[in-house]
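Here's the structure, in structure tokens; my notes come after.
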Amino acid sequence: MDRGAELSEFLKSRRARLRPEDTGLPYRSAGTRRVRGLRREELAMLAGVSVTHYTRLEQGRSRNVSAEVLDAIADALRLTGDERGYLHALAHPAHRCRDVPQVPLRPGLQRLLDSMVLTPAFVLGRHADVIAWNRLAAAVFADFAALPEERRTIAHLIFLDEDIRRMHGEGWPRLAREHVAQLRVLAARYPTNPRVMEHVDAICRRSPEFGRLWHEHHVAVATHRDYVLDHPLVGELRLSAELVGLPGDPELQGMDLFAAEPGSASEEKLRHLAATTTRAPSGPASSA
């Protein structure tokens, strides 16, 4: 990721979504405005900074900008918490997560995955690559062991796997948008690692839908979600998901866990899948 270029495009996109009348500024008819959304000078006035200062930042030059100025601009742009964090990550990349080399999965993590027999779960790497999973995750989502390693990513599954798209049904557009927004956060978190943007570029080339969403500059961290899936074997599955961080493994994005409401039909269907997939392989550490 070209950090300066991304900072510029991100600020322009957030400025374009605000209308003067939404901010209390005097309204002028659309015919008198040459830009969509707020002008730079309007945004600078709302943030309490000079036009020159803001213009320099929107040009991608953030070397001397303070955290206080960034927060003032974030307030003026009405950024969400995730967007605010993304702005700081772009402006001050040295303050973000240290980019450490990928290491083999700890055996303890795989044992933890395998112990959760009624909870589909997998471990994600820094560009949302699936690096380990348990048997029930493979039964619910995909046969990860059969996929080539380079295609074992959430983006490949969402945008290039028709079975996954069909299973999510009407929920697929939300899923797609959320994942692209999450990938943008990961790209800023690891600014010196080329694999993240290589992954983004590869999916952009193969999926116009991904490319369109990527260039909308949405930013969000979806740590908890609800899904309604149409599973080919058991029918409707209603699952809640939690993405849990792994502080002891900074090279990993975290562990994604899925659960059904206790006593529900979906929980019974998970039990059925668990009972019929006892021989299916779990993640790399125990699939030999």
Side-chain angles (χ1 to χ4, degrees), residues 1 96-110 112-114 116 120-165 167-168 175-207 209-211 213-214 219-223 225 227 241-258 280-288:
M1 175 182 287
R96 308 313 297 163
C97 297
R98 183 169 61 93
D99 192 14
V100 297
Q102 187 95 357
V103 297
L105 188 78
R106 290 188 291 108
L109 279 180
Q110 187 64 60
L112 179 61
L113 285 172
D114 292 339
M116 295 184 284
F122 44 73
V123 172
L124 296 171
R126 69 190 65 185
H127 59 272
D129 45 328
V130 181
I131 64 173
W133 57 91
N134 61 15
R135 291 183 175 91
L136 194 52
V140 171
F141 297 107
D143 185 357
F144 297 112
L147 295 174
E149 185 175 352
E150 67 275 10
R151 290 177 50 201
R152 206 180 289 158
T153 76
I154 301 301
H156 275 90
L157 292 171
I158 292 174
F159 290 94
L160 302 175
D161 189 314
E162 288 300 321
D163 291 335
I164 291 292
R165 185 169 188 146
M167 186 163 64
H168 282 272
L175 173 70
R177 183 183 177 91
E178 286 179 349
H179 181 65
V180 175
Q182 180 102 356
L183 271 181
R184 191 167 282 282
V185 173
L186 293 177
R189 183 178 300 171
Y190 300 108
T192 63
N193 187 283
R195 289 192 63 195
V196 181
M197 286 310 300
E198 288 171 0
H199 172 65
V200 168
D201 291 341
I203 303 298
C204 276
R205 289 193 296 270
R206 298 185 62 183
S207 170
E209 289 170 303
F210 179 93
L213 288 171
W214 181 260
V219 175
V221 180
T223 56
R225 299 90 67 208
Y227 295 122
E242 295 284 341
L243 179 60
V244 179
L246 300 169
D249 300 273
E251 75 279 8
L252 301 176
Q253 184 185 350
M255 183 180 292
D256 224 356
L257 308 169
F258 301 81
S282 57
S286 63
S287 59

- Which heavy atom in Ala132 sits nearest to a heavy atom in Leu113, and how many Å separate them? CB-CD1, 3.7 Å
- Has the side chain of Asn134 got a donor or acceptor atom that lies under 3.5 Å from a matching backbone atom of Ala121? yes
- With no hydrogens and no angle check, is any side-chain donor or acceptor of Arg184 less than 3.5 Å from a backbone partner on Val219? no
- Which pair of heavy atoms, one from Phe144 and one from Arg152, lies closest together, and at what distance? O-NE, 3.0 Å
- What closest approach, in Å, do Trp133 and Asp114 show between heavy atoms, and which atom pair accounts for it? O-OD1, 4.3 Å
- Task: For the pair Asp161 (side chain) and Ile164 (backbone), establish whether a donor and an acceptor sit closer than 3.5 Å, ignoring hydrogens and angles.
- Result: yes
- Whether His199 and His156 hold their rings parallel, tilted or perpendicular, with breakpoints at 30° and 60°: tilted
- Heavy-atom nearest pair, Pro247 first then Pro250, reads O-CD, 4.1 Å
- Query: Taking side chain as C-beta onward, heavy atoms only, is Phe258 less than 4.5 Å from Met116?
  - Reply: no
- Query: Is there side-chain contact between Glu209 and Leu213, with at least one heavy-atom pair below 4.5 Å?
  - Reply: no
- State the CG-CZ distance between Leu246 and Arg106, to the nearest 0.5 angstrom. 7.5 Å
- Considering only heavy atoms from C-beta outward, does the side chain of Leu112 approach that of Met255 to under 4.5 Å? yes
- Side-chain heavy-atom pair Asp249, Leu105 within 4.5 angstrom cut-off: no
- Kindly indicate whether the side chain of Gln182, heavy atoms from C-beta on, has any atom under 4.5 Å from the side chain of Ile154. no
- Do Arg189 and Arg126 come within less than 4.5 Å of each other through their side chains, counting heavy atoms only? no
- Item | Gap between atom CZ of Phe159 and atom CG of Leu175 - 0.5 Å precision | 7.5 Å
- Message: Less than 4.5 Å apart, side chain to side chain, heavy atoms only: is that true for Trp214 and Leu183?
- Response: yes
- Separation between CG (Asp129) and CD (Glu150), nearest 0.5 Å, reads 11.5 Å
- Item | Separation between NE2 of His127 and CD1 of Ile203, rounded to the nearest 0.5 Å | 9.0 Å
- Task: Work out which heavy atom in Ala128 is nearest to a heavy atom in Leu186; give both atom names and the distance.
- Result: N-CD1, 4.1 Å
- Query: Can Val123 and Val130 be said to form a side-chain contact (heavy atoms from CB on, under 4.5 Å), step by step?
  - Reply: CA-CA 6 Å; Val123 172; Val130 181; over 6 Å; no
- Where do Ile131 and Gly125 come nearest, in terms of heavy atoms and distance? CG2-N, 4.3 Å
- Does Leu243 reach the side chain of Arg225, with side-chain heavy atoms less than 4.5 Å apart? yes
